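Since the structure comes first, as structure tokens, the remarks are kept for the end.
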Amino acid sequence: MALVTHPSSPSHHRQSPLITRRTTYQRLNSSISQTTSLPQTNTSTKYQLPLLQQLTSLCQSKQSLPQALTFLQQQNPHHETLDSLQRKEAIGLLLQACGRYQDIETGREVHRMVASSTLFHNDVVITTRLITMYSMCDSPLDSRLVFDGLEKKNLFQWNAMVSGYSRNKLYEEALRAFIELVLQTDFKPDNFTFPCVIKACGGILDVRLGQGVHGMTAKLGLLGDVFVCNALIAFYGKCGLVDEAVKVFDYMSEKNLVSWNSMICVFAENGFAQEGLRLFCEMIKCEKSFVPDVASLVTILPVCAGEGNLEMGMVFHGLAVKLGLNQELMVKNALLDMYSKCGCLSHAKGLFDKDNSKNVVSWNTMIGGFATQGDTRGTFYLLRKMQVEGREKTNEVTILNVLPVCLERSELLCLKELHAYSIRHGFHYDQLVANAFIASYAKCGSLCSSQLMFNGMETKTVSSWNALIGGYAQNGAPRKALEFYLQMINSGIKPDRFSLGSLLLACSHMKSLRFGKEIHGYLIRIGLETDPFIVISLLSLYIRCGKSASARVLFEEMENKSLVSWNALIAGYSQNGLPDEALVLFRQMLSDGIQPDEISINSVFGACSQLSALRLGKEAHCYALKAYLAEDIFVGCSIIDMYAKSGCIEQARRVFEKSRNKDVALWNAIIVGYGLHGYGKEALGLFEKMLAFGMKPDGFTFVGILMACCHSGLVEEGLKYFNDMQNFHGITPKLEHYACIVDMLGRAGRLDESLRLVNEMPDEPDAGIWSSLLSSCKTFNALDIGTKVAEKLFELEPNKAENYVLLSNLFAASGKWDDVRRVRQKMKEIGLQKDAGRSWIELGGKVHSFMAGNTSFTGSKQMQNMWRRLEEKIRKIGYKPNTNSALHELAEDEKIEVLRGHSEKQAICVGLLRTSKGETLRINKNLRICVDCHNAAKLISKVVEREIVIRDNKRFHHFRNGFCSCGDYW
């Protein structure tokens, strides 16, 4: 029978505690027996009596321990059937059971009985077991009191004390006890001392101290001991020194199952998943052919979960069944976690429902799985079911697992219900729970509740401040985030990387480059500018502030460029109107061996959409299919958007029809696509079909519908849907909805109604709405309304060239040349310059760009000759230059020459020269197409017998056989 428990060590903490203790007890029993020369208990001797067997039986369950104590107290030390050695062994058995079942009250009664006994109160075995019992009952202070009260101490008692501290994560106390042992006694630490000391070094992550202890074990010749080596493997793994752990593992002459489990755990916890899987297979195939145990499986299954490797996870599930370990609770919980994280929630739910021995970890794992999938209803259903069944009580982890599902304003009521439940059960006092509630209230749009939660906290740590600052920064209140950051600094709390990251995010939302640069300077001073998290925040700041070049410099200085950093810069280029740079960077990322994800490919599709680069978009689509990225709903939306904006609405529709899961976002993408192309009736048909499928439209859906009506001249239908949006669907119109209606009425010439709507809007109209109205005034020569509208527009955007150009064109269309000169002079004084008309076309995977009036590019002579031939042909079927489109004070023949140099005409000519007969031309233009180019394109499509698709800054025009899809309504 063992005399003291084995010191807990990290090298075998995953091994079954009972098995570990048995092995250790046997080894210590042998060592102590030799030291103290005590006689051994033999099953064949007179000492194996029914009374001792009866006591042993009572020690097998926690409920029977008081009865075992009573049984022991009733025995007389001088009773003829229970001698002192038997009584000593009985006390030892009972103390072991009290520690194992953490029954400290019964343990204290045994302690009192021992203290009152002259025979046992200084017994080395009993006192060692008392120290161990208290430490196992999470009361190391009582262990220390016993230890300090000893008249003499031997190495076993020192080991028990060091082990107790280490077991209770009092690592510094464990190390102090070890130092006392070395400096104040003549005892030499042994192979039971060092595993606990090494674990303590790992607990405080002190690499140098741990290496020093490693050196001591080498000097004492203990590196051949498997327990010491296992502890060293775990220590180096915890400190991230995987190579050192491998060296210890490879050096070991003898390895047990714990050694293999520890090394696999090191690989798993340090991100070396494949190495962990490889070592697991090697363990099974090695010479000793170790059979995996519970610890092996609960170490390897999380590796599969982290990698999302469902196939391998199922293999290990089969192995667990084969070994008969699938009914072990820890294994069942690991399987639940693996299936949940691999996206197989149905498999996890099946295992969970069949499990009759669920504990709180089982419930928490399943709840976390539903929350991760965003299933609000399923998450709260499980939480309520857990309460109803009542066998397992919720804890702080339960609440933390539920909270991630509370992300939208619609979940605010559920969040408040959960908060009330947490208050009733006292969970809100936990720092992590309180911080999570602060963040969740912010995500659900209730910033006031978030602040109230924060104000109610007695102790506010930097994490609490971070939750509040981050909540404001991420949810539309960046200035408040800045205010609370200053409050945090004034309260004496030092910011960490998360505080500064949230502050940079707030600056990004405010587009405050000056504040952002100040923070960047501070980060350099404190040495945080190379932190990966901070670098991503800085990249986002410079990108949001339109400083792509600064972001690129920062990116190039990064030593280790993560996928997140590549994605941030690619998206930044795309968002800042630099699609070519985005595509070049994407190619560089691939050549560097970085595998793109859904975010990367979304940015690529966005860049292709801006360029209307159909060939490049098709290549990206093929890549997304091969990389299994196209199934993602956001990628699907981007593909539809790319095809639609590249002028290929038919292909966009095919992608939509083939999509398996058509959610609202996918319907919105295709409806907006049809709207851009001016196919209003088709867009409305899709909307009705969407409703028939039971889909609930949102605000974005109606933006697409109203845009479709606007571009198709379906004014009455547009007004009807605008009313239905409010009255039947309960959606409050936002600025973008009013902008569509104002534009729709303006294009139809109903300028008075449009202006009245602008004046009656509940929100203040933005510059885009006034700009749209001014453009309509120019179309219908509404000079009086136009000048009033221009005044409002200049109040909002006094330094935007486009606004002055609109007003100048309005005056020019009305023949007010003096006013035109006055406006242009004003632009010169301010330093503004009109954007030149630019068109581009993709040919052979390369984008060719053309500027109005610029004929300096290669092949310009061929292009001019092509235009002369085209003009000659279209004049024969009715083309006459519309000189009203040349808004310059020039002679008629000079105006005609200006019209010939328009960029879309150049693009058409080059496209005809460099493409095969019958091939569709797809051209983009940065400005609205003029009447003359529109008329010419219609007739060119007829004489060359080709479709010409032109996308201007408002919509698409499909020219076929002398007609345009817009019906001359644009």
Side-chain angles (χ1 to χ4, degrees), residues 6-17 19-20 23-24 27 162-163 166-167 169 171 174-175 178 189-288 290-303:
H6 184 276
S8 173
S9 80
S11 62
H12 51 272
H13 72 282
R14 293 181 180 271
Q15 178 77 325
S16 169
I19 295 171
T20 304
T23 306
T24 308
R27 296 179 64 186
V162 174
S163 173
S166 189
R167 181 196 303 277
K169 299 182 180 180
Y171 301 121
L175 292 170
F178 173 68
D190 62 7
N191 54 343
F192 299 112
T193 319
F194 279 110
C196 305
V197 176
I198 294 167
K199 178 182 178 181
C201 294
I204 61 173
L205 298 177
D206 193 326
V207 176
R208 292 186 64 184
L209 183 59
Q211 289 173 330
V213 174
H214 186 173
M216 288 181 68
T217 62
K219 287 179 180 179
L220 292 171
L222 294 174
L223 285 183
D225 185 85
V226 69
F227 290 101
V228 172
C229 289
N230 289 348
L232 285 168
I233 291 169
F235 160 71
Y236 283 121
K238 194 167 186 180
C239 293
L241 301 174
V242 179
D243 289 341
E244 295 300 318
V246 171
K247 287 178 185 176
V248 174
F249 181 77
D250 290 342
Y251 176 82
M252 293 175 70
S253 56
E254 178 192 351
K255 300 181 181 76
N256 62 11
L257 183 57
V258 177
S259 313
W260 289 90
N261 288 347
S262 298
M263 195 63 235
I264 292 167
C265 183
V266 168
F267 281 134
E269 292 180 352
N270 285 279
F272 295 93
Q274 294 306 315
E275 288 79 356
L277 292 169
R278 178 190 57 76
L279 193 64
F280 188 94
C281 297
E282 191 179 320
M283 175 183 77
I284 298 172
K285 295 176 182 176
C286 73
E287 188 178 342
K288 291 190 177 181
F290 287 104
V291 178
D293 63 358
V294 171
S296 312
L297 290 170
V298 299
T299 300
I300 203 66
L301 282 169
V303 174

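Treat the numbers as computed from the prediction; the structure is a model and nothing was measured.
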Name every donor-acceptor pair, under 3.5 Å, that has one atom in a side chain of residues 201-210 and the other anywhere in the protein, sequence neighbours excluded.
unit_1	atom_1	unit_2	atom_2	d
Asp206	OD1	Arg208	N	3.4
Asp206	OD1	Leu209	N	3.0

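Atom CG of Leu222 sits about 9.5 Å away from atom CE of Met216, to the nearest 0.5 Å. Distance check: Phe192 CZ to Ser163 OG gives 11.0 Å after rounding to the nearest 0.5 Å. Of the inter-residue distances, the one linking Leu220 atom CG with Asp225 atom CG reads 12.0 Å to the nearest 0.5 angstrom. In this structure, the separation between NZ on Lys199 and OH on Tyr171 is 5.0 Å, given to the nearest 0.5 Å. Taking CG from Leu279 and CD1 from Ile300, the interatomic distance works out to 8.5 Å, rounded to the nearest 0.5 Å.
Considering only residues two or more places apart in sequence or on other chains, Asn256 meets the side-chain hydrogen bond (donor to acceptor under 3.5 Å, both in side chains) condition with Asn230, Ser259. Considering only residues two or more places apart in sequence or on other chains, Phe272 meets the ring pair (Phe, Tyr, Trp, His ring centres under 6.0 Å) condition with none of them. Applying the side-chain hydrogen bond (donor to acceptor under 3.5 Å, both in side chains) criterion to Glu275, with sequence neighbours excluded, gives no partner residue. Checked against side-chain hydrogen bond (donor to acceptor under 3.5 Å, both in side chains), Glu282 has the following partners two or more places apart in sequence or in another chain: Arg278. In this structure Ala245 satisfies the side-chain contact (heavy atoms from CB on, under 4.5 Å) test together with Ile233, Tyr236, Met263, Val266, sequence neighbours excluded. Under the side-chain contact (heavy atoms from CB on, under 4.5 Å) criterion, Pro189 pairs with Phe178, Leu181, Val182, Thr193, Phe194, not counting sequence neighbours.
For the residue pair Asn191 and Pro195, the shortest heavy atom distance occurs at O-CD, 3.1 Å. Nearest heavy-atom pair across Asn270 and Gly237 is ND2-O, 3.0 Å. The two residues Val248 and Cys229 come nearest to each other via the heavy atoms CG1-O, 3.7 Å. Considering every non-hydrogen atom in both Cys286 and Phe290, the closest pair reads SG-CD1, 3.8 Å.
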Would you check, one step at a time, whether the test side-chain contact (heavy atoms from CB on, under 4.5 Å) holds for Phe235 with Leu241? CA-CA 9 Å; Phe235 160 71; Leu241 301 174; 5.7 Å; no

Residues Ser296, Ile264; criterion side-chain contact (heavy atoms from CB on, under 4.5 Å); working and verdict: CA-CA 8 Å; Ser296 312; Ile264 292 167; 5.9 Å; no

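With a 4.5 Å cut-off on side-chain heavy atoms, His214 and Ile198 do not count as touching.
Applying the salt bridge (charged side-chain N to carboxylate O under 4.0 Å, His left out) rule to pairs touching residues 246-264 yields Glu244-Lys247, sequence neighbours excluded.
Side-chain atoms of Ser166 do not come within 3.5 Å of backbone N or O of Val162 as any donor-acceptor pair.
Under the 6.0 Å cut-off for aromatic ring centres, Trp260 and Phe249 qualify, their centroids lying closer than that.
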